[in-house]
Amino acid sequence: MSDPTIESLLQENRHFPPPSDFAQQARIASFAQYQELCQEAVTDPEGFWGRLARTELHWFSPWEQVLQWDPPQAKWFVGGKLNLSYNCLDRHLETSCRTKPALIWEGEPGDTRTLTYEELHQRVCQMANALQELGVKKGDRVGIYMPMIPEAVMAMLACARIGAPHTVVFGGFSAEALKDRLNDAGARVVITADGGWRKDAIVPLKSQVDLALQADQVPSVAHVLVVRRTGEAIRMQEERDVWWHEIQQRVSDDCAAEEMDSEDLLFILYTSGTTGKPKGVVHTTAGYNLYTHITTQWIFDLREDDIYWCTADVGWITGHSYLVYGPLSNGATVFMYEGAPRPSAPGCFWDLIEKHKITIFYTAPTAIRAFIKMGDHLPQARDLSSLRLLGTVGEPINPEAWIWYHRVIGGERCPIVDTWWQTETGGIMISALPGAISTKPGSASLPFPGIQADVVDAQGLPVADHQGGYLVVRQPWPGMMRTVYNDPERFRRSYWEHLQTGDGHPLYFAGDGAHRDAEGYFWIMGRVDDVISVAGHRLGTMEIESALVSHPAVAEAAVVGRPDALKGEVIIAYVVLDNQHQPQENLQKELMQHVVQEIGALARPAEIRWTETLPKTRSGKIMRRLLRTLAAGEEIAGDTSTLEDRTVLDRLREGA
Ligand code: WTA
């Protein structure tokens with residue numbers, strides 16, 4: 001391992017015990033208590049998860065069996081009936097939560113809204129009734145393409161309430177990407193808004209929906225429910241499009257929650273993989289509800305009076321699990337912000353923390369690195385003393401950024417939970433419990449109780465301490481994905497066929513590299529497959545390559561990630577033009593724009609490099625490893641003997 005970041009991580013040995021005043025009041029208050037929970041979960045997993053499901057959730061009727069495990073197919077709480085929207089709303093109306101803010105929201109222009117649990121419940125019931133009026137029945141899929149406004153949360157909860165699986169598509173995805181996802185899910189209704197605010201500009205959402213649906217490209221969609229946010233002029237298509245504020249006038253604010261089976265489909269969320277189109281990750285009701293509920297409670301150490309802010313967009317799994325479902329299931333007060341830090345108000349996040357007295361703040365390393373660049377004077381000019389706990393997610397955090405976060409934002413008093421997980425895992429898998437586990441900058445620390453994470457070699461055998469390997473999970477857990485929508489075979493192939501134990505048990509393959517230190521702490525090293533992470537957004541190289549190749553000038557393309565101090569990685573595309581086209585600067589721009597159109601601005605290549613050929617193995621596979629090394633400006637070491645044409649490398653080097 002000669003990677004400099006790995007070297008520096010291996011030498012990282014600072015550690016930060018839980019502050020004693022924090023630990024004294026924490027939900028999980030000592031390492032011994034953490035170990036006891038782990039012990040309970042190992043000796044009797046079904047007893048452990050069953051106990052939590054009984055005490056933490058409301059059930060219409062109990063389950064008959066905690067777990068049915070027929071690898072890779074898991075069924076949790078078999079035969080039980082519950083409703084996630086009921087668990088997030090109705091049950092809190094009988095407690096002091098009723099009049100407590102569920103959602104405190106601020107828009108980019110500075111407008112604010114607060115909804116108590118009672119008010120949120122009414123709005124969700126109204127939206128559920130609106131969906132039913134538009135013909136949505138239990139089992140029908142609903143697309144959600146929304147800005148970060150309270151109606152996005154209402155839309156998700158309304159779907160869960162009537163048993164209509166949602167598929168939220170991040171507002172930064174293009175019409176083309178939206179069309180593919182709506183088609184794959186077979187959505188019947190799309191919920192959107194005229195637009196939303198992001199970085200001082202209006203993101204036009206409804207017009208993208210119009211583009212996606214034009215010429216009957218998504219035949220399953222019968223209606224579009226449109227929320228007015230920006231007041232921009234938009235086109236409403238008669239019969240198809242309905243304004244939310246109009247339908248809201250006539251629907252009741254009471255709607256019984258559907259009794260859902262534990263394993264009923266809750267939502268589909270598309271994410272990038274190694275091959276082909278994004279896959280629809282499927283999560284079901286009970287396991288997901290329990291797992292996001294309990295991880296939120298223990299990892300964020302939720303207390304009655306917390307004001308909890310997770311900066312993720314609802315379009316990503318973090319928004320699903322830790323902005324909406326986990327915190328609301330616990331009856332927490334969630335703060336939600338519409339926009340992103342922007343040049344005209346670089347300190348706005350710190351203003352928001354001061355103004356709303358945020359106590360828990362959960363964000364991504366790429367955001368932290370951007371904050372560092374904007375300067376310490378911004379947070380230092382604000383009173384951040386309300387904060388008591390910080391979190392990070394999405395990519396490995398470099399120790400320098402961790403220390404800055406700890407010192408400048410956390411005032412050296414707030415523990416930091418570095419949480420490792422994935423769209424597929426539903427909830428956090430590896431993280432410190434802040435009152436119980438010491439943290440080390442750059443390490444996600446230890447697995448959550450009940451999670452059997454490990455690092456193994458290509459044969460599935462555990463590796464020694466400090467040895468790199470593949471991150472795997474040995475046992476099923478309630479929040480795990482159940483399948484790839486419409487493609488169970490891909491589910492098996494992508495996650496369960498790479499590795500198995502010596503005696504033939506399949507292991508869940510996360511696609512990440514990792515190593516463990518002598519204390520069992522996990523250090524995540526990033527993806528081992530062709531998935532890249534740009535500003536914490538997960539993208540498949542193949543997806544971007546297909547977008548490039550769909551341009552008439554492009555004969556072939558290979559895409560790799562290049563390390564970037566701010567974004568983690570940026571996209572470098574090697575492009576072979578067909579013989580009708582010449583390399584030109586405006587063609588570079590055109591291709592970048594083409595990718596934006598096909599996928600969205602998040603996939604725009606930072607650089608397009610022309611080349612006459614790509615390095616391939618004799619069997620024709622593109623050797624992305626070599627391109628990655630070249631893109632990073634490093635010397636090619638290691639084995640290149642499988643390369644079909646050795647002169648390719650020299651030519652690529654000259655070209656660069
Ligand atoms: C990466 C986001 C290091 C990892 C919740 C994983 C991380 C992918 C961490 C999943 C972390 C997430 N440390 N790497 N704390 N958290 N990752 O599906 O590569 O968008 O496989 O889910 O992000 O990305 P996804």
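Only heavy atoms go into these numbers, but all of them, side chains included; no hydrogens, no water, no symmetry mates. Each ligand, and each atom within it, is numbered from 1 in the order the structure gives.
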Have [X] and [Y] got a donor and an acceptor in their side chains that come within less than 3.5 Å?
X: E56; Y: H293; answer: yes
X: T419; Y: Y362; answer: yes
X: D418; Y: W402; answer: no
X: S533; Y: R538; answer: no
X: Y288; Y: S321; answer: yes
X: T359; Y: D306; answer: yes

Side chain, backbone, both or neither: I317 near ligand 1, heavy atoms under 4.0 Å: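 I317 to ligand 1: side-chain contact only, backbone stays beyond 4.0 Å.
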Location of contacts on P396 toward ligand 1, heavy atoms closer than 4.0 Å: both
Regarding ligand 1, does [X] bring an N or O atom to under 3.5 Å of one of the ligand's N or O atoms?
X: T392; value: no
X: D418; value: yes
X: Q422; value: yes

Residue selection (non-hydrogen contact nearest atom 13 (N) of ligand 1) among M525, E395, H537, R527: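 The nearest heavy atom belongs to E395.
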Crowding at NZ, K440 (>12 non-hydrogen neighbours, <6.0 Å):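 Counting neighbours around NZ of K440, more than 12 heavy atoms of other residues, nucleotides or ligands fall under 6.0 Å, so yes.
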Below 4.0 angstrom from a heavy atom of [X], which ligand 1 atoms are there? Numbered from 1 as shown, please.
X: T419; result: 9 (C), 11 (C), 15 (N), 16 (N)
X: T318; result: 5 (C)
X: T423; result: 18 (O), 20 (O), 22 (O), 25 (P)

Return yes when [X] approaches ligand 1 closer than 4.0 angstrom through a heavy atom, no otherwise.
X: W421; answer: yes
X: G511; answer: no
X: S533; answer: no

[atom] - nearest protein heavy atom and its distance:
atom: atom 1 (C) of ligand 1; answer: G394 O, 3.2 Å
atom: atom 24 (O) of ligand 1; answer: R538 CD, 3.6 Å
atom: atom 4 (C) of ligand 1; answer: D512 OD2, 3.0 Å

Criterion ring-ring contact (aromatic ring centres under 6.0 Å, His included) on F170 and Y145, from CA distance to verdict: CA-CA 6 Å; F170 172 56; Y145 187 62; 8.9 Å; no
Q422 side chain to A510 backbone, donor-acceptor under 3.5 Å: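 Checking the backbone N and O of A510 against the side chain of Q422, a donor-acceptor pair under 3.5 Å is found.
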N-O pairing of E634 and R628 below 4.0 Å: no
